[in-house]
Amino acid sequence: MIDKFVEEYRFLSNFATAYIEYEGIVYKSVEHAYVAAKTISQAMRVEISAVPTAGQVKRFGKLLELRPDWEEVKLGIMEELVRKKFLIPDYTEKLLATGNQELVESNTWHDKIWGVCVCSDCDGKGENNLGKILMKIRTELQNPSFFS
C-alpha cells in the first residue's frame, strides 16, 4: 500500500507540478485547475492560473464563492483533471509503476473526502476519493486497448 503522497510518491499528489489544460486555460497543477473549476468566472480562473504554488491556490480556493452545482460536479471534475495529468507520459509511467498497490491519500488535516484522515480524532476515517480515482485511471492505463 502507498499511503502517503510524499517523497518518491509526491507525483500522486494534486500539488505536484503538471501543466494541464482545463476549459481553455493551462494550470500548473491539478490543484490549480480544481480550484479554478469551483468558479464560473473566467477572470477568476485566469487569476487562479497565475497563483505561484498549489498550497497558495488551495488557500485561495477557500475564499471563492462556489458555483451553484459544485457538490454535484466536483467528483467528476476531479477525475477529469487527474486523468489529464496521468495521460502525460512521465506521469503515466510513474502511475503504472505502482503496480496494483492500494493508493490511499492519508493525511492529518481532516480531509475525509479526497483522502483518509489518520489524526487521533478521525482515526482513519475517509472516503479516499483521490486514491480511488488514481486506481481507476491506473486500471484503465494497464489495459492495452486504452491506447488504441
Side-chain angles (χ1 to χ4, degrees), residues 1-40 45 48-62 64 66-148:
M1 176 181 6
I2 297 169
D3 64 355
K4 289 191 172 70
F5 299 171
V6 297
E7 297 171 6
E8 68 180 299
Y9 298 114
R10 172 112 171 105
F11 72 92
L12 295 167
S13 167
N14 287 341
F15 280 34
T17 300
Y19 290 91
I20 57 171
E21 182 272 332
Y22 178 70
E23 296 189 351
I25 301 173
V26 176
Y27 298 93
K28 295 177 181 99
S29 68
V30 169
E31 189 67 25
H32 280 79
Y34 182 75
V35 168
K38 291 180 176 186
T39 180
I40 56 174
R45 287 180 173 189
I48 290 165
S49 74
V51 175
T53 69
Q56 290 170 320
V57 88
K58 183 174 184 170
R59 289 186 292 280
F60 186 86
K62 293 180 182 193
L64 286 176
L66 299 179
R67 58 193 264 183
D69 63 347
W70 183 242
E71 288 306 313
E72 292 80 43
V73 300
K74 70 182 182 182
L75 283 171
I77 288 172
M78 179 65 80
E79 184 172 330
E80 174 186 353
L81 297 173
V82 172
R83 182 171 281 106
K84 285 176 182 264
K85 173 182 173 181
F86 285 97
L87 289 176
I88 298 169
D90 286 349
Y91 282 107
T92 302
E93 186 177 315
K94 288 178 179 181
L95 183 59
L96 288 172
T98 65
N100 290 318
Q101 293 187 75
E102 183 178 7
L103 305 176
V104 179
E105 209 255 337
S106 297
N107 65 79
T108 54
W109 51 87
H110 312 294
D111 180 350
K112 294 182 271 186
I113 293 172
W114 301 111
V116 172
C117 184
V118 295
C119 79
S120 57
D121 291 338
C122 295
D123 195 29
K125 291 183 175 58
E127 297 175 31
N128 192 38
N129 283 306
L130 178 56
K132 290 174 184 173
I133 288 169
L134 287 164
M135 290 183 286
K136 176 181 180 182
I137 292 167
R138 180 181 63 197
T139 298
E140 292 170 0
L141 294 169
Q142 289 169 334
N143 181 350
S145 66
F146 180 83
F147 294 100
S148 51

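At distances below 3.5 Å, not a single donor-acceptor pair connects side-chain atoms of Arg83 with backbone N or O atoms of Ile137. Counting only distance, with no hydrogens or angles, the side chain of Gln142 and the backbone of Gly99 share a donor-acceptor pair below 3.5 Å. The main-chain N or O of Val104 is never found under 3.5 Å from a side-chain atom of Asp3 such that the two would form a donor-acceptor pair. Using modelled atom types, one side-chain atom of Arg45 and one backbone atom of Thr39 make a donor-acceptor pair closer than 3.5 Å. A distance-only check finds a donor-acceptor pair linking the side chain of Asn128 to the backbone of Glu105 [under 3.5 Å]. In this structure a side-chain-to-backbone donor-acceptor pair under 3.5 Å is missing from Lys38 to Lys62.
Considering only heavy atoms from C-beta on, Lys112 stays 4.5 Å or farther from Glu127 through its side chain. With contacts defined as side-chain heavy-atom distances shorter than 4.5 Å, the pair Lys125/Val116 does not qualify. Contact annotation: the side chain of Trp114 approaches that of Ile133 to within less than 4.5 Å [non-hydrogen atoms, C-beta and beyond]. A 4.5 Å side-chain heavy-atom check between Arg138 and Thr98 finds at least one atom pair inside the cut-off. By the 4.5 Å heavy-atom criterion applied to side chains, Phe5 and Leu134 are counted as neighbours. When side chains are defined from C-beta on, Val82 does not count as touching Lys85, because their heavy atoms never get closer than 4.5 Å. Residues Ile77 and Trp70 form a side-chain contact, since some pair of their non-hydrogen atoms from C-beta on lies under 4.5 Å apart. In this structure the side chain of Phe15 never reaches within 4.5 angstrom of the side chain of Ser29, judged on heavy atoms.
Taking Tyr91 as the reference, Phe86 meet the ring pair (Phe, Tyr, Trp, His ring centres under 6.0 Å) condition, with sequence neighbours excluded. In this view, Asp90 satisfies the side chain to side chain contact (heavy atoms under 4.5 Å, CB included) rule with no residue, not counting sequence neighbours. For Lys28, the side chain to side chain contact (heavy atoms under 4.5 Å, CB included) partners two or more places apart in sequence, or in a different chain, are Tyr19, His32. For the side chain to side chain contact (heavy atoms under 4.5 Å, CB included) test, residues two or more places apart in sequence or in another chain that qualify with Arg59 are Gln56. Here Glu71 pairs with Lys74 under the salt bridge (Lys or Arg N to Asp or Glu O under 4.0 Å) rule; sequence neighbours left out. Listed by chain and residue number, nothing satisfies the side chain to side chain contact (heavy atoms under 4.5 Å, CB included) test with Glu8 (two or more places apart in sequence, or in another chain).
Between the CD1 atom in Ile88 and the CG atom in Leu95 there is a gap of 12.0 Å [rounded to 0.5 Å]. Interatomic distance, Leu12 CG to Ile2 CD1, rounded to the nearest 0.5 Å: 6.0 Å. Going from atom SG of Cys117 over to atom CG of Asn107 covers 5.0 Å, rounded to the nearest 0.5 Å. Atom CD of Glu72 and atom CZ of Arg67 lie 9.5 Å apart (nearest 0.5 Å). The CG atom of Asn14 sits 9.0 Å away from atom OH of Tyr34, with the distance rounded to the nearest 0.5 Å. Distance check: Met1 CE to Gln101 CD gives 9.5 Å after rounding to the nearest 0.5 Å.
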Determine, step by step, whether Lys132 and Lys136 satisfy the side-chain contact (heavy atoms from CB on, under 4.5 Å) criterion, reporting the C-alpha distance in whole Å, the side-chain angles of both residues, the deciding distance to 0.1 Å, and the verdict.
CA-CA 6 Å; Lys132 290 174 184 173; Lys136 176 181 180 182; over 6 Å; no
Is there a side-chain contact (heavy atoms from CB on, under 4.5 Å) between Met78 and Val30 once you walk through the steps?
CA-CA 8 Å; Met78 179 65 80; Val30 169; 4.0 Å; yes
Residues Ile25, Glu21; criterion side-chain contact (heavy atoms from CB on, under 4.5 Å); working and verdict:
CA-CA 5 Å; Ile25 301 173; Glu21 182 272 332; over 6 Å; no
Could you go through Leu87 and Leu141, starting from their C-alpha distance and side-chain angles, then the distance that decides it, and tell me whether this counts as side-chain contact (heavy atoms from CB on, under 4.5 Å)?
CA-CA 9 Å; Leu87 289 176; Leu141 294 169; 4.0 Å; yes
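Nearest approach of Ala37 to Tyr22, heavy atoms of both residues: CB-CE2, 3.7 Å.
Within 6.0 Å of CG in Leu66 there are more than 12 heavy atoms belonging to other residues, nucleotides or ligands.
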